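Worksheet: the structure to be examined is printed underneath.
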Protein chains: 2
Amino acid sequence: MLLLLHKAMIPGLRKASTLRLTSRLCIRACSTDDSFRPQHPSFTFSDDNSASRGWGIMGTLLGLSAVLAYHECRCRAAQESSRIYTREEVSSHRSPKTGIWVTLGHEVFDVTEFVDLHPGGPSKLMLAAGGPLEPFWALYAVHNQPQVREILAQYKIGELNPEDKVSPSLETSDPYASDPPRHPALKVNSQRPFNAEPPPELLTENYITPNPLFFTRNHLPVPNVDRDTYRLHIVGPPGSQSLSLSLDDLYQFPKHEVTVTLQCAGNRRSEMTKVKEVKGLEWKIGAISTARWAGARLCDVLAQAGHRLSKTEAHVCFEGLDSDPTGTAYGASIPLARALDPEAEVLLAYEMNGQPLPRDHGFPVRVVVPGVVGARHVKWLGKVSVEPEESDSHWQRRDYKGFSPSMDWDTVDFDSAPSIQELPIQSAITEPQDGETIQSGEVTVKGYAWSGGGRAVVRVDVSLDGGITWQVAELDKEEQCPRKAWAWRLWQLRAPVPAGQKELNIVCKAVDDSYNVQPDTVAPIWNLRGVLSNAWHRVHVHVTP
Amino acid sequence: MLLLLHKAMIPGLRKASTLRLTSRLCIRACSTDDSFRPQHPSFTFSDDNSASRGWGIMGTLLGLSAVLAYHECRCRAAQESSRIYTREEVSSHRSPKTGIWVTLGHEVFDVTEFVDLHPGGPSKLMLAAGGPLEPFWALYAVHNQPQVREILAQYKIGELNPEDKVSPSLETSDPYASDPPRHPALKVNSQRPFNAEPPPELLTENYITPNPLFFTRNHLPVPNVDRDTYRLHIVGPPGSQSLSLSLDDLYQFPKHEVTVTLQCAGNRRSEMTKVKEVKGLEWKIGAISTARWAGARLCDVLAQAGHRLSKTEAHVCFEGLDSDPTGTAYGASIPLARALDPEAEVLLAYEMNGQPLPRDHGFPVRVVVPGVVGARHVKWLGKVSVEPEESDSHWQRRDYKGFSPSMDWDTVDFDSAPSIQELPIQSAITEPQDGETIQSGEVTVKGYAWSGGGRAVVRVDVSLDGGITWQVAELDKEEQCPRKAWAWRLWQLRAPVPAGQKELNIVCKAVDDSYNVQPDTVAPIWNLRGVLSNAWHRVHVHVTP
């Protein structure tokens with residue numbers, strides 16, 4: 001045990017600044033999510049920073065003596081692991097000063113030293129300080145794994161007084177218990193919250209993605225909304241009344257339909273992870289799908305509430321009905337100018353491919369913001385307001401932003417980057433798949449291409465030799481409105497396999513009508529959140545002789 | 001005196017490559033080119049390169065003996081201060097080897113020794129080598145002071161031949177005979193038609209490019225337009241009257257001002273040429289400039305003529321007053337939706353940086369289309385009409401389009417690609433320059449970044465090791481309107497030169513607010529017209545030990 005600790009700590013202290021990140025990532029590797037809740041973001045970050053500094057200094061100055069001191073401390077904790085504590089005692093340990101204790105089942109843990117190593121950030125773990133972990137683990141099911149329990153076991157200091165009631169079990173308190181059933185074809189990246197993508201072989205089977213296969217990106221449990229009592233709260237301008245709209249009220253606005261591709265900012269994150277680990281769900285190429293959406297235009301609803309374009313910059317803030325245990329709802333915002341522009345076609349959508357929205361996709365109402373990153377298409381929409389600043393949601397301010405490859409979790413300043421709105425040009429190969437063996441003779445390459453901001457895809461180049469020579473793929477014939485090319489283009493290329501070739505390095509890259517192109521490689525666009533992964537897509541296939 | 005000379009010359013020889021670069025600028029100034037034919041670029045380049053090598057060797061080998069030689073030369077020069085020189089003689093003195101001469105009025109100066117003492121840097125003074133100082137002093141008025149004249153007086157070596165003061169007039173049959181005089185600092189890519197760019201060391205000296213240094217892209221001779229008889233013809237919708245507007249009529253519309261960066265689609269073409277020959281002028285990184293434009297908004301003028309947004313796609317076609325021998329005018333078009341959108345700020349501009357438009361930039365009226373390729377900013381504007389199709393001009397239909405690297409002149413189908421409108425994200429390094437030798441210790445890297453469509457530049461990454469590691473550059477503090485970031489951002493990075501490094505491979509890449517990035521390399525975006533050259537910009541520099 002001592003040796004194990006030794007092994008764990010020495011490199012940790014040597015590379016103190018990466019330790020925090022990597023141990024975070026170790027746990028995260030089994031992860032799922034990704035983003036957490038927007039708890040006290042300023043606290044989170046100042047805490048984060050001071051923690052970084054602390055580790056940095058420690059790493060530089062302490063050396064082996066610190067490791068030994070740490071051992072001693074850990075050993076003392078281990079010796080005390082048979083002590084009995086009351087719930088009251090536990091609950092009095094909720095700060096660095098008193099020590100930070102938590103319980104799981106009947107076991108008590110002193111996680112004071114672990115707080116700064118917590119992959120989700122110290123503030124998230126602090127939510128559980130002095131009490132049971134179960135309600136949080138239930139929400140972020142990634143925790144419920146042997147590796148995580150092993151880490152936790154190191155911090156055990158004793159047991160709960162048997163007379164103290166054990167917290168409700170994971171099963172009965174499961175906030176995800178009422179999540180809807182899902183299609184078995186979906187490739188699940190995380191069960192709680194549910195995040196899943198269609199497999200490549202189904203992804204471009206249809207121009208319109210069938211509802212059950214549409215990629216699902218949930219941040220929290222799916223709320224159970226009653227269509228009859230549902231009300232959408234539209235906050236009016238200062239001094240005027242707000243609107244409280246039932247679903248039937250919303251139907252009274254002119255119904256607007258538009259075909260829109262949604263893409264998660266984390267699509268293709270798994271390719272970034274290959275360069276260097278990042279924080280987030282391991283999306284492959286399927287965090288993108290296309291549907292025909294129908295609903296009221298946001299501009300009509302905002303106008304009804306009395307909102308007009310302001311001379312100063314303003315933002316429309318959305319709040320979902322999904323919320324974490326503290327009651328904090330998912331939130332995001334878009335610029336008011338986009339919201340009020342009829343040509344931008346922002347919807348309060350209540351239909352997806354002719355059906356009421358499925359529960360996983362925001363029943364009864366979600367925002368659809370054509371050309372904009374998925375994170376702003378707030379689901380289970382509860383409230384809309386117009387504010388001088390962006391939404392103060394964690395997901396608007398502390399997530400879904402792009403950074404230089406040089407930024408790490410110690411140096412990143414989230415305020416220095418704009419929140420992602422329009423996405424850059426993207427494309428990927430859905431057929432053949434990486435590692436597949438194809439017949440010699442002819443190969444058919446298929447895929448999708450899409451760009452944000454209504455910019456149309458004008459060309460897809462495909463290479464069979466890793467990017468040395470290129471052929472132009474054939475685009476589908478779907479209609480694209482100028483400046484409103486909100487939906488993807490599916491494409492394919494049939495090409496002879498060069499004789500004698502034993503393998504092909506197939507690459508695709510797309511061009512939009514502003515002639516933006518995809519970057520050649522992943523490393524130079526790597527970023528700590530693993531978003532905006534749009535380098536050339538590459539698949540390696542074997543050719544049968 | 002010897003000591004003084006020593007002091008002055010040593011740094012001069014240390015920085016031989018700087019001198020060499022600027023002397024290159026001067027040599028290029030005499031070269032001519034033609035936009036319609038591919039100009040043996042390989043010849044131009046080999047010439048350039050051999051010059052670089054020559055100067056590089058000189059800087060390394062000469063040492064003290066050269067200083068002494070120069071001293072001798074200076075003494076002789078002083079004795080000869082009453083000598084008479086022809087312009088031709090003066091213009092042959094534009095390098096440290098021959099001596100560096102300039103003129104002011106009728107006086108001739110040998111400023112060889114002063115070059116390295118020049119407060120604005122040696123490279124700025126070298127721009128005037130072999131010619132008159134007046135055009136530069138006019139730009140940088142700080143020079144026109146008694147103290148500066150006193151310093152200069154010390155270097156006087158004689159006077160200009162009185163018969164030689166006026167520059168020789170051009171031949172009368174020459175269609176370009178009435179082209180305006182140009183600033184000698186411009187690097188000329190073609191004399192007829194005139195195409196020239198500011199040198200890198202002046203390009204980012206100012207956020208607003210001074211009019212005489214603004215890059216010039218003419219397709220035809222500059223027309224001579226009389227402001228009093230000038231009429232702008234605005235064709236009305238079918239069945240209604242057209243407008244014929246004098247300049248004074250145009251002044252009656254509300255005056256609108258906007259700062260806009262213009263970039264030629266061929267900017268940085270010379271980098272594409274290195275991959276494979278293309279058709280076009282050999283622009284380096286200077287086919288981009290920024291001005292404050294003022295004029296009537298196109299939407300106001302179109303509205304006055306009775307034009308409204310149509311449900312079907314339509315285009316506003318522009319015709320210039322410049323025409324070829326067959327009478328065909330330069331022409332281009334933009335979508336009607338952009339022309340009528342007040343937020344797009346399309347201007348019929350009659351002022352450039354507070355002055356009437358210079359003749360080279362479209363006097364009396366040009367179109368300014370913020371965020372859009374230079375080719376649509378039609379100069380010497382004669383006619384505006386609204387058509388169901390794009391302009392049928394050669395430059396709209398058969399030029400200024402992007403293609404796959406696989407297309408050649410035998411396979412290209414110009415109808416298959418959209419005409420370039422908005423341009424993609426772009427950036428380049430203006431300091432240091434390729435091949436330069438820098439001091440060890442610290443390096444300052446400067447440059448510009450810009451994106452089309454009003455997309456703001458949000459970050460510039462700079463690498464000193466060819467793109468392996470990156471640092472974030474500091475952007476200028478110029479205001480940017482959301483969605484209307486029409487102007488470039490200047491940026492700089494000060495960074496330590498890694499100890500022991502003998503050379504640096506400096507790279508820059510920019511990111512816009514749709515998180516579009518520049519591609520890593522040129523070859524995969526190579527196209528037969530050499531347009532849209534926006535790969536990472538790379539400069540290789542040597543470091544003094």
Side-chain angles (χ1 to χ4, degrees), chain A residues 265 313 335 337-338 341 343 371-373 401-407 416-425 451-453 455-456 458-463 467-473 481-483 507 509 511-521 523-526 531-532 534-536, chain B residues 265 313 335 337-338 341 343 371-373 401-407 416-425 451-453 455-456 458-463 467-473 481-483 507 509 511-521 523-526 531-532 534-536:
Chain A
E313 188 69 356
R338 183 182 294 273
D341 180 3
E343 296 299 310
V372 162
V373 63
K401 294 185 169 192
F403 294 98
S404 164
S406 61
M407 289 294 155
S416 70
S419 61
I420 301 171
Q421 296 280 344
E422 295 182 359
L423 284 169
I425 179 75
S451 189
R455 289 180 284 280
V458 300
R459 200 181 77 236
V460 174
D461 295 330
V462 177
S463 173
I468 298 165
T469 63
W470 299 90
Q471 301 176 62
V472 178
C481 281
R483 296 170 297 283
V507 185
K509 64 180 175 83
V511 184
D512 73 21
D513 61 5
S514 296
Y515 283 100
N516 288 298
V517 299
Q518 298 177 242
D520 312 20
T521 59
I525 57 165
W526 183 97
V531 290
L532 304 157
N534 75 328
W536 299 353
Chain B
E313 189 69 357
R338 182 182 294 274
D341 180 3
E343 296 299 310
V372 161
V373 63
K401 295 187 170 192
F403 294 97
S404 166
S406 60
M407 289 294 155
S416 70
S419 61
I420 300 171
Q421 296 280 344
E422 295 182 359
L423 284 169
I425 180 75
S451 190
R455 289 180 284 281
V458 300
R459 199 181 78 237
V460 174
D461 295 329
V462 177
S463 174
I468 299 165
T469 63
W470 299 90
Q471 300 177 63
V472 178
C481 281
R483 296 170 298 282
V507 184
K509 65 182 175 82
V511 184
D512 72 22
D513 62 4
S514 295
Y515 283 101
N516 288 298
V517 298
Q518 299 176 242
D520 312 20
T521 59
I525 57 166
W526 183 96
V531 290
L532 305 157
N534 75 328
W536 299 354

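Just so you know, these numbers come straight off a predicted model, no measurement behind them. Reminder, nothing fancy here: chain letters follow the sequence lines and each chain counts from 1. All values below come from the heavy atoms of this structure, side chains included, with hydrogens, waters and symmetry mates left out.
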Non-hydrogen atoms of A/Ile425 and B/Asn516 that approach each other most closely: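 Nearest heavy atoms, A/Ile425 then B/Asn516: N-OD1, 3.7 Å.
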How close do A/Ala337 and B/Arg483 get, heavy atom to heavy atom, and via which atoms?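 Heavy atoms of A/Ala337 and B/Arg483 come nearest at CB-NH2, 3.3 Å.
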List for me each residue that meets side-chain contact (heavy atoms from CB on, under 4.5 Å) alongside A/Thr521, sequence neighbours excluded, and say none if there are none.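 By the side-chain contact (heavy atoms from CB on, under 4.5 Å) rule, A/Thr521 matches A/Pro524, A/Arg538, B/Asp520.
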side-chain contact (heavy atoms from CB on, under 4.5 Å) with A/Ala417: which residues, sequence neighbours excluded?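 A/Ala417 satisfies side-chain contact (heavy atoms from CB on, under 4.5 Å) with A/Lys401, A/Phe403, B/Tyr515 only.
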Go through A/Val472 and B/Ser406 one step at a time and tell me if the side-chain contact (heavy atoms from CB on, under 4.5 Å) criterion holds. CA-CA 8 Å; A/Val472 178; B/Ser406 60; 4.1 Å; yes
Given the options A/Asp513, A/Ile420, A/Val373, which has more heavy-atom pairs under 4.5 Å with chain B than any of the others?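 Heavy-atom pair counts peak at A/Ile420.
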With a 4.5 Å cut-off on side-chain heavy atoms, are B/Ser404 and A/Arg459 touching?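 Counting from C-beta outward, A/Arg459 and B/Ser404 do come under 4.5 Å.
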Would you say A/Pro424 and B/Val517 make side-chain contact, with heavy atoms under 4.5 Å?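 Side chain of A/Pro424 against side chain of B/Val517, heavy atoms only: no contact under 4.5 Å found.
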Is it true that B/Ser514 and A/Arg455 share a donor-acceptor pair across their side chains at a distance under 3.5 Å?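 There is such a pair (donor and acceptor under 3.5 Å, judged by atom type) between the side chains of A/Arg455 and B/Ser514.
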What part of A/Leu423 lies closer than 4.5 angstrom to a heavy atom of chain B: side chain, backbone, both or neither?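 When you check distances to chain B, only backbone atoms of A/Leu423 fall under 4.5 Å.
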Is it the backbone or the side chain of A/Pro418 that comes under 4.5 Å from a heavy atom of chain B, or both, or neither?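 For A/Pro418, backbone and side chain are both near chain B.
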Rounded at 0.5 Å granularity, tell me how far CD1 in A/Ile525 sits from CD in B/Gln518.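 Nearest 0.5 Å value for the CD1-CD distance: 13.0 Å.
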